[in-house]
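Notes for the one structure printed next.
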Amino acid sequence: MPAMTMIEAIRDAHAIAMERDDTVVVFGEDVEAGIVGVAVGMAAYGLRPCVEIQFADYVYPAYDQIVSEAARLRHRSAGDFTAPLTIRMPTGGGIFGGQTHSQSPEALFTHVAGLKTVVVSNPYDAKGLLLAAIEDDDPVIFLEPKRVYNGPFDGHHDRPIVPWSQHPLGEVPAGHYTIPLGQARVHRSGDDLTVLTYGTLVHVAQAAADESGIDAEIIDLRTLVPLDVDTIVASVRRTGRCLVVHEATLTSGFGAELSATVQERAFHHLEAPVTRVCGWDTPYPHAHEWSYFPGPDRVARAMREVMSA
Amino acid sequence: MDNPVGPALQLRIPEPARGHRPADPVPYISAAGEMRKPDLDEKVERIALMRKQLVRVLDDEGHAVGPWAPALDADQLRQGLRDMMTVRSFDARLLRAHRQGKISFYMQCLGEEAIACAQRRALRADDMHFPTYRQQGLLIAGGHPIVTMMNQVLSNEHDPLKGRQLPVMYSSKEHGFFSISGNLATQYVQAVGWAMASALRGDTRIASAWIGEGASAESDFHAALVFASTYQAPVILNIVNNQWAISTPEDFARGASATFADRGYGFSIPALRVDGNDYLAVYAASQWAAERARSNLGPTLLEWVTLRVGAHSTSDDPSVYRPDDEADRFPLGDPIERLRRHLTVIGAWDDERQAALQTEVDALIADAFAEADSHGSVKSGHTSSPATMFDDVYATLPRHLVEQRDRMEG
Ligand SMILES: Cc1ncc(C[n+]2csc(CCOP(=O)(O)OP(=O)(O)O)c2C)c(N)n1
């Protein structure tokens with residue numbers, strides 16, 4: 001199987017999607033409201049647009065088209081028109097990008113009925129999920145944490161990054177395959193506690209588990225909406241402890257949804273409060289990004305707190 | 001597919017820049033002095049064609065010709081030259097700092113210095129500019145302390161923005177310079193709002209909106225024109241057409257229009273297309289637009305034709321998308337060289353004075369950098385305290401941020 005970076009895996013998925021289906025169109029030219037509005041129109045015609053926003057931080061001019069139009073078109077026309085489009089955007093910080101090249105706005109999309117939201121953490125998933133997103137009949141927000149484009153970044157920014165070619169999830173099959181939307185992946189099995197996370201923080205959580213010696217079960221959610229509740233609940237019922245980790249700001253972040261879901265469905269199995277480790281509730285600071293980013297030390301500390309609660 | 005009622009429809013898809021496609025030749029280059037200078041209140045339809053011409057003052061020999069030649073004395077001209085040379089030297093030093101690994105990112109304005117420098121001098125100190133990342137000339141020509149700008153770029157302990165913003169994203173209300181946003185085009189419509197507020201309050205200050213030609217494709221640009229036209233706001237609407245939006249040539253955003261100045265026409269906003277590498281033309285056109293705004297004659301759109309000579313930013317490599325000799329072939333030359341020739345032609349300058357000025361400017365920049373560098377940089381870990389990231393999210397620190405700050409420090 002060829003080893004691919006996440007960038008190569010995504011390019012490959014585009015090529016395959018366009019080859020298999022000539023209604024797939026790929027574009028993106030940094031004019032966000034225009035890009036998404038045009039994509040909705042193309043989708044209404046019957047194409048399957050897959051468009052790119054240069055950075056998730058620049059999606060806001062297109063937000064009206066996403067929220068009021070793409071997300072609700074099927075519902076308001078009772079299925080007469082639909083918007084089967086995919087909107088890709090790089091997310092996350094750690095590249096000294098300051099407040100306009102670092103954001104993780106997934107919660108702004110998961111809060112909107114009618115949208116599906118995917119966050120990828122590795123090349124294998126990126127290809128399979130992107131093909132599934134393009135083939136899906138609903139609008140899909142496809143988020144790509146830029147820190148994992150070239151390797152499984154684990155938050156140790158002072159160490160060289162391991163390339164995907166040296167990681168099993170960098171092995172990407174040639175040809176077409178999909179990963180169904182709505183299926184989480186157990187990234188690391190363990191008995192002590194369950195970590196619910198996605199994107200870059202999957203690898204950070206793994207480093208935290210390895211370094212703290214805590215036998216964490218790390219679940220890479222992959223799709224936030226629809227959410228794989230069964231995998232989450234089965235794991236928490238077994239471990240009895242749950243830590244939620246994401247890079248986005250804490251307040252009203254997707255972690256709040258996860259935390260609520262766990263207490264609704266596994267309350268009697270919990271031995272400790274569900275705890276969140278997230279970005280602080282501030283804009284992403286340029287010079288202080290490593291104080292902002294929830295790195296392995298912060299995650300390990302939270303793991304110990306959950307274990308001793 | 002067979003279509004019984006006409007040919008199959010076709011879409012024009014602009015060609016990507018890759019493959020060293022040279023930029024199209026710059027169209028409509030009027031001769032210096034060729035264009036008339038309309039009255040401030042000239043009817044918009046009578047100056048409609050100026051959007052497809054080019055206001056120029058300096059001819060190839062360096063003479064200032066025609067009705068647009070502004071009344072600037074030799075001292076003012078020498079000041080303009082000094083401003084532009086300072087900007088160029090500033091950029092060169094900070095690019096070097098990037099290569100030295102002292103800063104994370106930089107954006108220069110090489111080749112575009114005349115536009116911001118001359119407009120800053122043509123407007124008043126208390127007018128408000130809503131700039132992009134390529135108008136450092138506004139600050140430098142406006143006398144902003146250079147060391148402070150460098151501190152921002154270094155994100156060091158003396159950075160007035162406390163390391164929060166990317167390098168070059170300056171902010172200075174005191175110097176009439178609105179906080180730069182990384183999100184393109186947002187400032188354009190805000191400038192119109194600021195100008196509307198100034199008029200609502202019976203103030204005398206005007207606003208100046210800045211945008212690159214690529215970003216003019218964003219919706220905020222169009223919203224700005226609607227409001228400027230409807231309310232006849234006292235605002236200058238600048239479009240800096242430097243031929244490139246990162247790797248995208250200017251004709252992508254321009255579409256089927258002949259020029260960016262064309263954008264004014266449908267809104268009945270008087271629009272001029274101006275040689276952006278001609279300090280005198282920039283000064284005169286800016287002054288004309290400012291006087292219109294100050295006389296309650298409404299907005300003016302100015303397309304500045306220039307060339308982005310350097311890379312888009314330190315994250316960009318233009319060699320993969322544009323020919324190396326583009327600057328040599330650009331028909332409007334270099335703004336510093338052109339003003340220098342003019343000063344020489346009028347007997348106010350010579351090679352010796354040029355060399356002395358270069359030495360002086362370079363020393364000024366070197367000293368400023370040495371001082372800023374002595375305060376460290378983000379790369380050396382000499383930043384403001386990380387706890388300051390919690391300040392200014394709100395006017396007063398709410399409880400949840402106090403808790404988060406404690407947690408970060410504890
Ligand atoms: C809303 C938004 N979309 C995309 C970007 C990324 N971006 C930064 S600069 C740039 C090109 C702008 O080109 P132009 O407006 O011509 O100005 P120039 O850089 O040439 O001065 C792009 C696309 C951004 N900063 N903001």
Side-chain angles (χ1 to χ4, degrees), chain A residues 25 27-38 42 45 47 53-65 93 95-103 158 249-252 275-295 297-298 301-302 305, chain B residues 13-14 16 103-105 152 154-157 159 161-167 169 180-186 214-223 245-246 248 252-253 315 377-379 381-394 398 400-401 403-405 407-410:
Chain A
V25 282
F27 64 104
E29 196 64 61
D30 291 339
V31 186
E32 299 74 20
I35 293 171
V36 178
V38 164
M42 286 185 170
Y45 175 89
L47 301 189
I53 302 292
Q54 193 194 22
F55 287 93
D57 316 57
Y58 301 145
V59 72
Y60 307 112
Y63 199 56
D64 190 32
Q65 286 289 342
I95 60 158
F96 277 115
Q99 57 184 257
T100 55
H101 305 84
S102 307
Q103 298 164 31
D158 42 1
T249 45
L250 174 94
T251 299
S252 301
T275 300
R276 291 174 288 168
V277 185
C278 307
W280 309 117
D281 286 333
T282 75
Y284 216 109
H286 167 255
H288 303 308
E289 64 180 8
W290 297 119
S291 300
Y292 179 95
F293 184 89
D297 291 346
R298 245 164 87 194
R301 190 170 82 174
E305 281 168 15
Chain B
I13 298 180
I103 59 178
S104 54
F105 177 78
Q152 195 282 330
L154 288 159
S155 309
N156 65 22
E157 288 160 345
D159 168 8
L161 307 182
K162 304 181 185 169
R164 291 180 192 151
Q165 277 270 55
L166 273 184
M169 301 290 186
I180 297 178
S181 171
N183 293 60
L184 294 174
T186 51
S216 75
E218 296 271 8
S219 332
D220 280 341
F221 170 82
H222 302 270
I246 314 185
T248 305
F252 276 43
S315 314
S377 73
V378 64
K379 299 286 185 171
H382 292 89
T383 61
S384 57
S385 137
T388 60
M389 83 168 84
F390 293 95
D391 299 338
D392 302 320
V393 182
Y394 300 96
H400 70 286
L401 287 188
E403 287 173 4
Q404 290 182 24
R405 188 181 61 189
R407 197 163 168 83
M408 186 182 94
E409 292 190 308

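All chains are named by letter (A, B, ...) in the order of the sequence lines, taking the proteins before the strands, and each is independently numbered beginning at 1. Here the structure is a predicted model, which means the values were calculated and not measured.
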statement: Residue from Pro285(A), Gly98(A), Gly34(A) scoring the most non-hydrogen pairs under 4.5 Å with chain B is Pro285(A)
- prompt: So which part of Glu289(A) gets closer than 4.5 Å to some heavy atom of chain B, the side chain, the backbone, both or neither?
  reply: neither
query: For Thr186(B), is it the side chain, the backbone, both or neither that has a heavy atom under 4.5 Å from a heavy atom of chain A?
result: neither
statement: Heavy-atom nearest pair, Met408(B) first then Ser291(A), reads SD-O, 3.8 Å
- prompt: Does any non-hydrogen side-chain atom of Arg164(B) lie less than 4.5 Å from one of Pro283(A)?
  reply: no
query: Looking at OG1 of Thr100(A) and CD1 of Ile180(B), how far apart are the two atoms once the value is rounded to the nearest 0.5 Å?
result: 11.0 Å
- line: Note: Phe96(A) and Ser104(B) closest approach over all heavy atoms is CB-CB, 4.0 Å
field: Contacting moiety of Asp57(A), where chain B heavy atoms sit under 4.5 Å
entry: backbone
- request: Calculate, to the nearest 0.5 Å, the distance between atoms OG and NE2 belonging to Ser315(B) and His101(A) respectively.
  value: 8.0 Å
- line: Taken to the nearest 0.5 Å, the spacing of Asp281(A) CG from Glu403(B) CD works out to 11.0 Å
message: Can you tell me which portion of Ile246(B) sits under 4.5 Å from chain A's heavy atoms? Options are side chain, backbone, both or neither.
response: side chain
message: Under a 4.5 Å cutoff for heavy-atom pairs, which residue among Leu184(B), Thr388(B), Asp220(B), Val393(B) has the most contacts with chain A?
response: Val393(B)
task: Go through the atoms of Arg407(B) and report whether side chain, backbone, both or neither lie under 4.5 Å from a heavy atom of chain A.
output: both
- prompt: Closest heavy-atom contact between Val31(A) and Ala217(B)?
  reply: CG1-O, 3.1 Å
message: Between Trp280(A) and Phe390(B), is there a side-chain heavy-atom distance shorter than 4.5 Å?
response: yes
Top of Ala245(B), Gly214(B), Ser219(B), Ser384(B) for chain A proximity - count of heavy-atom pairs under 4.5 angstrom: Ser384(B)
task: Could you pull out the closest heavy-atom pair between Gly97(A) and Leu166(B), with the gap in Å?
output: O-CG, 3.5 Å
field: Contacting region of Tyr292(A) [heavy-atom separation from chain B under 4.5 Å]
entry: both
query: Given the rule in the side chain to side chain contact (heavy atoms under 4.5 Å, CB included) test, do His286(A) and Leu161(B) qualify, once you have shown the distances and angles that lead to the verdict?
result: CA-CA 10 Å; His286(A) 167 255; Leu161(B) 307 182; over 6 Å; no
- prompt: Just by modelled atom types, is the Ala387(B) backbone N or O under 3.5 Å from a matching donor or acceptor in the His288(A) side chain?
  reply: no
- prompt: Relative to chain B, which segment of Leu250(A) carries a heavy atom at a distance below 4.5 Å: side chain, backbone, both, or neither?
  reply: side chain
field: Interface moiety of Arg301(A) toward chain B, non-hydrogen atoms closer than 4.5 Å
entry: side chain
